[in-house]
Engineer: 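I have a structure I would like to understand better, so I am pasting it below and will then ask my questions one at a time.
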Amino acid sequence: MVSKFSVSPIFYKILLLFLFCCVANPLLSQYYPFYFEVRGLTKYPAYQEYNEAISLYNEDVEVKKVNYILDSLAESSLQAGRIEQYLFLENEKANLLKHQYQYLEAYDILKNSMAVFSARRDTVHIEYFTAQRLLRTTLYRIKNIPGKENFQSRTQDEIYQSMFDVLEGLDEDGKPLRNTLVDYGLHLFRKGKNKQAIDILYRARSLALEANDLSSLALSDYSIIGNMQSSFDLLQTKNEVMENDIKLFESQAATIPVLMYNAYFITKVSQNYYQHFNNLDKAIAYANRAAKLLDTLPYPAYNIKAATHGNLANYYAEKDDEKQMWAHLNIARKLLEEKSMSAYNRAFGYTLISEAASFYAPDTAMAFLDVLDTLPGKKFFANRAAEIKANVLMEKGQIDEAKELILTAFDSLTEINGQKVPLIASSSKYAEQYYLFDLLQTIYMQLESVRDEDYTSVIVKLIDLQNSLFKKIMAEDIYGFEVSGLSQEYDAFLDENLAFLLNLPTQAYFEQTMNLALTSKALHLNTLMNKNRYQSVLEGDSTLFGQVMESARKVQEARNKLANAKTEGGSDVADLEMKLNSELIDNLMLRYSIDEQYRNTDIELLEGNINIASISQVQSELMTDEALVEYYVLDSSWAQLLVLPDTAMFFYHKREKLHDKIEAERYSVLTGRETTDIGEILFENLSPYLKNINKLVIVPDANLNYIPFERLKANDEMLIRSFSISYSYSSVLWYNLRKENSFSPPESLLAIAPLFDDFNDEPEAYYASEYRGEGGLSALPYSLEEVNGIKGQVSATLQNVVQLKGKEAQLNKVKAELPNYDILHFATHGLVNRKYPERSGLYLYENNIKNNTDVGLLSLGELFNMRLNADLMVLSACNSGRGDYLDGEGVMALPRGGILSGVPRVVASLWAVHDERTKDIMLSFYNYLNEGYAYREALRLAKLDAIEAGFLDKNWAGFILIGA
């Protein structure tokens with residue numbers, strides 16, 4: 001069976017365009033005139049004869065004979081001076097030809113009949129508008145015909161302007177106007193005028209909402225959300241809008257438009273679950289719903305049916321359900337072979353069934369691809385067809401043919417060891433090139449296996465090229481689909497290829513291995529940090545943030561009302577679902593406008609941030625007694641990069657999963673148990689090289705971010721006894737921080753302690769929490785002792801020591817003072833917001849507090865956007881170093897905000913910390929700083945004091961130093 005392979009995002013964008021065109025212009029085998037009531041067709045004397053002719057068409061009488069009847073009626077109408085009836089009949093002739101894909105013939109009829117009409121009467125007439133609509137869509141189709149891309153006629157902009165003029169003259173604000181606004185919005189999107197397009201589509205949506213026109217409303221909804229080039233995190237909201245639209249459709253009468261739009265939306269939601277949410281079962285469930293709904297249509301939509309069953313064939317192939325795969329494939333194949341549809345749609349269908357068949361029957365897949373090669377629409381799916389065919393050829397053992405097929409997709413080639421390797425082309429989409437490179441790498445790996453020849457150099461080069469492509473993709477689209485959508489692809493690429501490089505028996509490719517290893521975290525780190533910096537712009541703009549919060553409140557209120565109505569069996573459920581969708585769309589619009597406003601603010605700076613340091617550069621910043629250890633926790637193995645001042649080496653561990661051992665260690669420290677054996681595992685290979693080392697920089701990976709290495713044992717001794725340890729999110733970030741920030745003795749300190757000793761107005765409710773973070777915003781009495789003790793210790797050596805205690809620790813006051821000190825010390829409660837990391841923060845008092853409930857939050861987002869001058873930030877708060885782990889970039893937590901704001905070193909905690917014990921550790925820490933020790937050594941000595949004093953491990957081990 002052909003191995004399963006990823007479907008490129010480009011292919012799915014084509015698929016969605018195909019389905020959208022199907023819905024916006026349903027190509028049905030039977031015919032019904034559009035805008036029937038608005039055009040008032042029954043008023044024409046020839047209507048009955050026209051209706052009889054259409055009945056013949058619907059009984060499969062060929063269009064030539066039907067149009068002969070209509071042509072005769074139109075000629076008689078013209079001779080009798082019935083010019084409106086004449087244009088009505090000509091429009092219907094043209095539309096029938098369009099349904100048979102005879103676009104050039106339809107264009108000639110429309111062009112001539114419009115000229116006749118405009119010469120005889122005022123063009124402010126609904127039939128003239130109808131002719132314009134048909135002319136516009138006909139021209140659009142003609143320019144998609146191979147060889148007709150430059151077809152000369154009126155521009156789309158000219159036609160749209162004329163259509164709006166006619167509608168204005170008619171004072172028409174019904175469905176024709178709504179549809180025209182939607183079409184125009186989509187046209188503007190194609191021209192890159194996104195903001196104007198969104199405004200037009202939102203107007204169409206408002207009109208549809210007023211008219212309770214569900215089909216126009218849904219089309220407006222999807223046109224808006226489907227074309228927002230905004231952050232990937234909005235996809236869940238977009239999907240929710242579509243699922244709500246499906247419910248609205250299902251509550252309406254089953255008219256043709258409602259059924260068609262519902263089928264489309266169900267299909268789109270199915271694809272979201274398959275492509276983005278990794279939920280194959282839901283994808284299949286929704287696709288089956290679409291297939292059943294299409295079967296209820298009185299007019300068969302053959303192209304949409306073929307696509308739906310083609311999708312199901314692929315879904316079931318991935319589910320390894322061969323019986324269902326063949327059942328749906330055969331339905332799609334029969335439709336493609338026997339029914340009328342455009343060349344584009346037929347080519348698309350054959351692409352889908354070729355891919356599905358490739359999983360089980362290579363010869364059948366090849367037969368379908370041979371048919372695809374004969375279709376005029378094949379050009380739209382050339383690269384996808386090449387990928388499928390290459391996989392089939394490999395399955396059949398024709399590896400050389402597969403290789404040559406993929407190579408033909410590239411413009412430029414080079415040679416390595418006599419083998420051809422493509423070069424990255426700036427003229428093609430980088431994401432599309434990546435998938436072809438990936439497939440070519442698979443081919444060369446099979447060649448190496450089959451021929452027992454050394455293709456390793458070629459494979460390593462392809463890995464390097466793919467890594468470079470990811471860098472280009474993320475630099476090119478720092479806010480859009482590629483960064484978030486391809487990050488999972490990159491992680492899979494890293495897991496496979498880092499393991500491949502580490503498993504090579506020779507060190508000949510050490511440099512390439514090092515490049516991939518160092519790039520991996522840095523690439524994620526730079527792009528995603530920049531993305532988070534951008535998203536957190538809201539935190540520095542109270543007006544914008546207020547708008548977002550108010551919009552979120554309205555969405556939640558709409559959700560609550562809908563839930564209550566469903567629980568109580570209310571009759572207004574449909575209205576409330578429509579209201580919820582309106583609030584969701586408004587929320588998306590607001591977030592999109594913010595996205596557009598700030599998208600290009602720092603784009604050059606952000607792109608320039610993706611710099612990858614070399615291993616020699618990292619070595620150059622190490623002290624003579626210092627080592628850096630970077631960990632890579634892969635799917636079923638793990639690796640270590642050890643960097644010493646004079647050398648570097650990798651250690652690769654096959655078939656050993658660390659995840660459970662890491663979790664066991666975290667559990668043991670939090671529950672007061674002895675450390676596990678994970679320290680011996682992590683340092684077994686390293687220990688012989690660390691005999692002259694007493695400083696360690698740890699770059700953890702995955703859930704290693706959640707355990708303190710100081711507590712681990714190697715050679716039966718806790719690491720803290722032998723090493724002062726600091727942490728970093730990536731080797732490259734550490735290098736940049738170390739290079740730009742040499743240690744210098746601090747001269748000033750700002751200590752901040754809100755205390756919260758009178759936070760509650762009720763005296764009987766006062767209480768003090770032992771752990772910072774327990775019991776809400778409880779009083780922290782030892783934080784006062786902490787900051788007073790610090791001042792007493794450092795006043796002799798620091799020139800300027802300032803305290804903001806109790807209600808002096810107000811948000812704006814603190815923010816104004818932060819840039820003025822070398823050390824910033826926070827003794828307060830911390831908050832970790834897992835859903836929106838940029839809203840994590842440190843609790844202070846609100847500005848200009850009026851009562852004891854006015855609490856403020858110095859958020860991670862605000863820190864992102866500040867420029868601080870401190871050398872050290874101490875977050876003496878619970879969970880201040882904790883956050884959700886984001887693949888490739890480490891823990892998204894408050895230290896990241898401090899580092900981004902310009903502070904090279906941050907002391908933070910991994911869990912809730914004991915109020916009194918924290919005070920003791922901090923006083924000891926500053927005592928050692930006062931004696932001249934460097935930050936990490938001072939923290940180490942303070943922890944050793946805590947150990948000697950009998951503190952529980954969880955009360956000292958959680959504090960770590962992150963940065964340079």
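Source: prediction; values computed, not measured.
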Engineer: Could you tell me whether the side chain of R940 reaches within less than 4.5 Å of the side chain of I725, counting heavy atoms only?
Structural biologist: no
Engineer: Hey, is OH on Y933 packed in by over 12 heavy atoms from elsewhere, all under 6.0 Å?
Structural biologist: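 Count not over threshold, so no.
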Engineer: Look at the side chain of R738 and the backbone N and O of A964, then say whether any donor-acceptor pair between them is shorter than 3.5 Å.
Structural biologist: yes
Engineer: Apply side chain to side chain contact (heavy atoms under 4.5 Å, CB included) to L750 and H825, showing your working.
Structural biologist: CA-CA 6 Å; L750 175 66; H825 184 98; over 6 Å; no
Engineer: Is a side-chain donor-acceptor pair under 3.5 Å present for N788 with Q803?
Structural biologist: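 Checked: Q803/N788 side chains pair up, N/O donor to acceptor below 3.5 Å.
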Engineer: Donor-acceptor pair, K813 side chain versus L804 backbone, under 3.5 Å?
Structural biologist: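 Not a single qualifying donor-acceptor pair exists.
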Engineer: Has the side chain of W911 got a donor or acceptor atom that lies under 3.5 Å from a matching backbone atom of K954?
Structural biologist: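 Between the backbone of K954 and the side chain of W911 there is a qualifying donor-acceptor contact (under 3.5 Å).
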Engineer: If you measure from CD1 on I678 to NZ on K713, what distance do you get to the nearest 0.5 Å?
Structural biologist: 15.0 Å
Engineer: What's the separation between atom CE in M873 and atom CG in L818, rounded to the nearest 0.5 Å?
Structural biologist: 6.5 Å
Engineer: Measure from the side-chain N and O atoms of N736 to the backbone N and O of L733, and report whether any donor-acceptor pair falls under 3.5 Å.
Structural biologist: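 Answer holds: no.
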Engineer: Just wondering, are more than 12 heavy atoms of other shown residues or ligands nearer than 6.0 Å to CD in E740?
Structural biologist: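 Yes - once you tally the heavy atoms of other residues, nucleotides and ligands closer than 6.0 Å, there are more than 12.
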Engineer: Quick check: do L628 and L622 have side-chain heavy atoms less than 4.5 Å from each other?
Structural biologist: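 L628 reaches L622 side chain to side chain.
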Engineer: Once rounded to the nearest 0.5 Å, what's the spacing between atom CG of N692 and atom OG1 of T624?
Structural biologist: 9.5 Å
Engineer: Quick check against the 3.5 Å criterion: does D822 have a side-chain atom that pairs as donor or acceptor with the backbone of E747?
Structural biologist: yes
Engineer: For the pair F683 and F709, name the ring-plane relationship: parallel under 30°, tilted 30 to 60°, perpendicular over 60°.
Structural biologist: perpendicular
Engineer: Should T675 and V669 count as side-chain neighbours, where that means a heavy-atom distance under 4.5 Å?
Structural biologist: no
Engineer: Check whether any side-chain N or O of Q793 sits under 3.5 Å from a backbone N or O of L923 as a donor-acceptor pair, and report yes or no.
Structural biologist: yes
Engineer: List the steps and the verdict of side chain to side chain contact (heavy atoms under 4.5 Å, CB included) for S637 and H653.
Structural biologist: CA-CA 6 Å; S637 57; H653 309 272; 5.8 Å; no
Engineer: Strictly distance-based, threshold 3.5 Å: is any side-chain N or O of T828 a donor or acceptor partner for the main-chain N or O of Y843?
Structural biologist: yes
Engineer: On a heavy-atom basis, which atom in D625 and which in K695 lie closest, and how many Å separate them?
Structural biologist: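 Heavy atoms of D625 and K695 come nearest at OD2-NZ, 2.6 Å.
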Engineer: Could you pull out the closest heavy-atom pair between P708 and A957, with the gap in Å?
Structural biologist: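 Nearest pair, atom of P708 first, then A957: CB-O, 3.2 Å.
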Engineer: Taking all non-hydrogen atoms of both residues into account, name the closest pair between E663 and N703 and its distance.
Structural biologist: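 Scanning both residues, the minimum pair turns out to be OE2-ND2, 2.9 Å.
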Engineer: Any side-chain heavy atom of E937 within less than 4.5 Å of one from S724?
Structural biologist: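 E937 reaches S724 side chain to side chain.
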Engineer: Would you say the side-chain atoms of D701 pair up with the backbone N or O of V633, donor to acceptor, closer than 3.5 Å?
Structural biologist: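 Side chain of D701 to backbone of V633: a pair is present.
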Engineer: Would you kindly say whether Y729 and N705 are connected by a side-chain donor-acceptor distance under 3.5 Å?
Structural biologist: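 Short answer, no.
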Engineer: Ignoring hydrogens and geometry beyond distance, is a side-chain donor-acceptor pair present between S668 and R711 at under 3.5 Å?
Structural biologist: yes
Engineer: Taking the side chain as C-beta and beyond, is there a heavy-atom pair between V618 and W734 under 4.5 Å?
Structural biologist: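 Of all side-chain heavy-atom pairs linking W734 with V618, at least one is under 4.5 Å.
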Engineer: What's the verdict on salt bridge (charged side-chain N to carboxylate O under 4.0 Å, His left out) for K739 and E621, showing C-alpha distance, side-chain angles and the deciding distance?
Structural biologist: CA-CA 7 Å; K739 181 181 178 183; E621 293 298 328; over 6 Å; no
Engineer: Going by heavy atoms in the side chains, are D920 and F951 under 4.5 Å from each other?
Structural biologist: yes
Engineer: For M922 and V907, work out which heavy atoms get closest and say how close.
Structural biologist: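 Closest pair (atom of M922, atom of V907, distance): CE-CG1, 4.4 Å.
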Engineer: Carefully, step by step, assess Y706 and E665 under the rule side chain to side chain contact (heavy atoms under 4.5 Å, CB included).
Structural biologist: CA-CA 10 Å; Y706 296 132; E665 171 62 22; over 6 Å; no
Engineer: Let me confirm one number: the CG-CD1 distance from L961 to I698, rounded to the nearest 0.5 Å.
Structural biologist: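 Between L961 CG and I698 CD1, I get 13.0 Å after rounding to 0.5 Å.
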Engineer: Which heavy atom of A648 sits nearest a heavy atom of I615, and at what distance?
Structural biologist: CB-CG1, 3.9 Å
Engineer: Are any of the side-chain heavy atoms of L712 and L682 separated by less than 4.5 Å?
Structural biologist: yes
Engineer: Does S731 have any side chain to side chain donor-acceptor pair (under 3.5 Å) partners at least two apart in sequence or in another chain, and if so, which?
Structural biologist: E630
Engineer: Between S728 and I962, is a side chain to side chain contact (heavy atoms under 4.5 Å, CB included) present by the stated rule, with each step listed?
Structural biologist: CA-CA 5 Å; S728 184; I962 304 169; 5.7 Å; no
Engineer: If you count every heavy atom of other residues, nucleotides or ligands that lies below 6.0 Å from F651 atom CZ, does the total exceed 12?
Structural biologist: yes
Engineer: Between R721 and E710, is the salt bridge (charged side-chain N to carboxylate O under 4.0 Å, His left out) condition met? List the steps.
Structural biologist: CA-CA 8 Å; R721 302 281 186 191; E710 289 91 330; over 6 Å; no
Engineer: Rounded to the nearest 0.5 Å, how far does CG of L798 lie from OG of S748?
Structural biologist: 7.5 Å
Engineer: Drop me the distance from T513's OG1 to L641's CG, to the nearest 0.5 angstrom.
Structural biologist: 10.5 Å
Engineer: List the residues meeting side chain to side chain donor-acceptor pair (under 3.5 Å) with N930, not counting sequence neighbours, and say none if there are none.
Structural biologist: T797
Engineer: Parallel, tilted or perpendicular: which describes the rings of F650 and Y632, with under 30° parallel and over 60° perpendicular?
Structural biologist: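 Taking Y632 first and then F650, their aromatic rings sit tilted (interplane angle of 30° to 60°).
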Engineer: When you measure from the side chain of S924 to the backbone N and O of I921, does any donor-acceptor pair fall under 3.5 Å?
Structural biologist: no
Engineer: Given side chains that start at C-beta, do those of Y935 and S726 come closer than 4.5 Å, heavy atoms only?
Structural biologist: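 They are not in contact (no side-chain heavy atoms under 4.5 Å apart), so the answer is no.
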Engineer: Give a yes-or-no answer on whether the side chains of E786 and S876 include a donor-acceptor pair shorter than 3.5 Å.
Structural biologist: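 Yes, because at least one side-chain N or O of E786 sits under 3.5 Å from a partner of the opposite role on S876.
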Engineer: Taking atom types as modelled and ignoring hydrogens, do the side chains of E817 and Y821 form a donor-acceptor contact shorter than 3.5 angstrom?
Structural biologist: yes
Engineer: Please check this pair: side chain of E948 against backbone of D945, looking for a donor-acceptor N/O pair closer than 3.5 Å.
Structural biologist: no
Engineer: Closest approach of G679 and A714, non-hydrogen atoms and distance?
Structural biologist: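 In terms of heavy atoms, the two residues are closest at O-CB, 4.4 Å.
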